[in-house]
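Some notes on the structure that comes next.
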Amino acid sequence: LLSILGLALLGTLHAQDSIPVQADFQQDKLTGRWYSIGLASNSNWFKEKRNLMKMCTTIISSTAEGNLEVTSTYPKYGAWGEGVWGGAMGVATGASPAALLPRGDQCVTRNSLYTKTEQPGRFSYTSPRWGSKHNVHVVETNYEEYALVATQISKSTGSSTMVLLYSRTKELSPERLEMFTRFCREQGLTDDEILILPQTGETGSAGM
């Protein structure tokens, strides 16, 4: 039993090490408003709810302790799951439903606190509702245009990977979208697990 647990822990550590983090990460430049442009996940809830998901808005601020306070706002009919920046940082514990039925123009706001780790650009979060543990990596960002965030999620029933692409505006260039898709594939995600999030009233599209 101990050997099995040891192998599981080793596998988790290897998965964390395999995800890069933005070099010379500057947390203060990451703060402000972001829009979720792309989402990829190999969790079951994503496969079930992907057609209902919509773009959401996320506000990031730093606390005095150096942690990240994340406030995500999304349309109620496209509600993200708990704890992931607008869906990593506001989407998915992997247990909560990713979307709800339409309810007009109502919006939902969710607050989460991401705790800094010894590595700049990497944060941890534990869902108070589901107990799932999130290892969040800011993979790449130029702070003024886009941010690529990858999260390893572990819970009692298994683990999953989630990747989010954020933008300062509601649209990004095809080159950035291709970068997102390529990185997702490098993490072992398939094309049907990759989604470019639609704005309200639009139809979603899979990764390129």
Inset, instruction - Just jot down the side-chain contact (heavy atoms from CB on, under 4.5 Å) partners of Thr157, sequence neighbours excluded, or say none. - result: Lys155

Inset, instruction - Taking all non-hydrogen atoms of both residues into account, name the closest pair between Cys56 and Ser36 and its distance. - result: N-OG, 2.9 Å

Legend entry - Which atom of Ala150 lies closest to which atom of Val139, heavy atoms considered: CB-CG2, 3.7 Å

Legend entry - salt bridge (Lys or Arg N to Asp or Glu O under 4.0 Å) pairs, two or more places apart, involving residues 143-153: Glu145-Arg176

Legend entry - With Thr71, the side-chain hydrogen bond (donor to acceptor under 3.5 Å, both in side chains) member among Thr58, Asn111, Thr109, Thr57: Asn111

Legend entry - Pairs touching residues 24-39 that satisfy salt bridge (Lys or Arg N to Asp or Glu O under 4.0 Å), sequence neighbours left out: none

Inset, instruction - Drop me the distance from Ser160's OG to Trp45's CH2, to the nearest 0.5 angstrom. - result: 8.5 Å

Inset, instruction - Indicate yes or no for a side-chain donor-acceptor contact from Arg168 to the backbone of Tyr143 under 3.5 Å, with no hydrogens or angles considered. - result: yes

Inset, instruction - Specify the closest pair of heavy atoms between Thr31 and Ser61, including all atoms of both residues, with the distance to one decimal. - result: CG2-CA, 3.9 Å

Inset, instruction - Please determine, by modelled atom types, if Thr181 and Glu178 share a side-chain donor-acceptor pair under 3.5 angstrom. - result: no

Legend entry - Ser167: side-chain contact (heavy atoms from CB on, under 4.5 Å) partners, not counting sequence neighbours: Ile37, Thr169, Leu172

Legend entry - Residue pair Leu177 / Ile196, side-chain heavy-atom distance below 4.5 Å: yes

Legend entry - Qualifying residues under side chain to side chain donor-acceptor pair (under 3.5 Å), relative to Ser62, sequence neighbours excluded: Gln27

Inset, instruction - Kindly compute the distance separating OG1 (Thr190) from CG (Asn42), expressed to the nearest 0.5 Å. - result: 8.0 Å

Legend entry - Contact check, side chains of Leu189 and Val163, non-hydrogen atoms, under 4.5 Å: yes

Legend entry - Linked, directly or transitively: Leu165 and Ile59 (ILVMFWY side chains, under 4.5 Å): no

Inset, instruction - Name all residues meeting the side-chain contact (heavy atoms from CB on, under 4.5 Å) criterion together with Thr126; count only those two or more places apart in sequence or in a different chain, and write none if there are none. - result: Lys133

Inset, instruction - State, yes or no, whether a side-chain contact exists between Ile194 and Phe180 at a heavy-atom distance under 4.5 Å. - result: yes

Legend entry - Partner set under side-chain contact (heavy atoms from CB on, under 4.5 Å) for Glu186, not counting sequence neighbours: Arg182, Phe183

Inset, instruction - Using the test salt bridge (Lys or Arg N to Asp or Glu O under 4.0 Å), find all partners of Glu175 that sit at least two apart in sequence or belong to another chain. - result: none

Legend entry - Chi angles and distances behind the side-chain contact (heavy atoms from CB on, under 4.5 Å) call for His137, Thr151: CA-CA 6 Å; His137 300 70; Thr151 302; over 6 Å; no

Inset, instruction - State yes or no: do Leu164 and Phe25 share one hydrophobic cluster built from I, L, V, M, F, W and Y residues joined by side-chain heavy-atom distances below 4.5 Å, directly or via other members? - result: yes

Inset, instruction - First locate atom CD of Gln152, then atom OG of Ser124, and finally report the distance between them rounded to the nearest 0.5 Å. - result: 14.0 Å

Inset, instruction - Say whether Ile19 and Met179 are linked into one hydrophobic cluster, either directly or through other cluster members, by side-chain heavy-atom distances under 4.5 angstrom. - result: yes

Inset, instruction - Taking Arg50 for its side chain and Asp192 for its backbone only, find out whether a donor-acceptor pair lies under 3.5 Å. - result: yes

Inset, instruction - Kindly indicate whether the side chain of Leu195, heavy atoms from C-beta on, has any atom under 4.5 Å from the side chain of Met53. - result: yes

Inset, instruction - Would you check if Tyr125 and Asn135 make a side-chain contact, meaning some heavy-atom pair closer than 4.5 Å? - result: no

Legend entry - Ser127 side, atom OG; His134 side, atom NE2 - distance, nearest 0.5 Å: 5.5 Å

Legend entry - Under the side chain to side chain donor-acceptor pair (under 3.5 Å) test, residues paired with Glu65 that sit two or more places apart: Thr63

Legend entry - Ser159: partners by side chain to side chain donor-acceptor pair (under 3.5 Å), with sequence neighbours left out: none

Inset, instruction - Look up atom CD in Glu193 and atom SG in Cys184, then write down how far apart they are to the nearest 0.5 Å. - result: 9.5 Å

Inset, instruction - Only counting residues at least two apart or in another chain, list the ones meeting side chain to side chain donor-acceptor pair (under 3.5 Å) with Tyr146. - result: Glu140

Legend entry - Asn67 versus Thr115, side-chain donor and acceptor atoms under 3.5 Å: no

Inset, instruction - Indicate yes or no: at least one non-hydrogen side-chain atom of Val138 is less than 4.5 angstrom from one of Arg122. - result: no

Legend entry - Minimum side-chain heavy-atom gap Lys54-Pro198 below 4.5 Å: yes

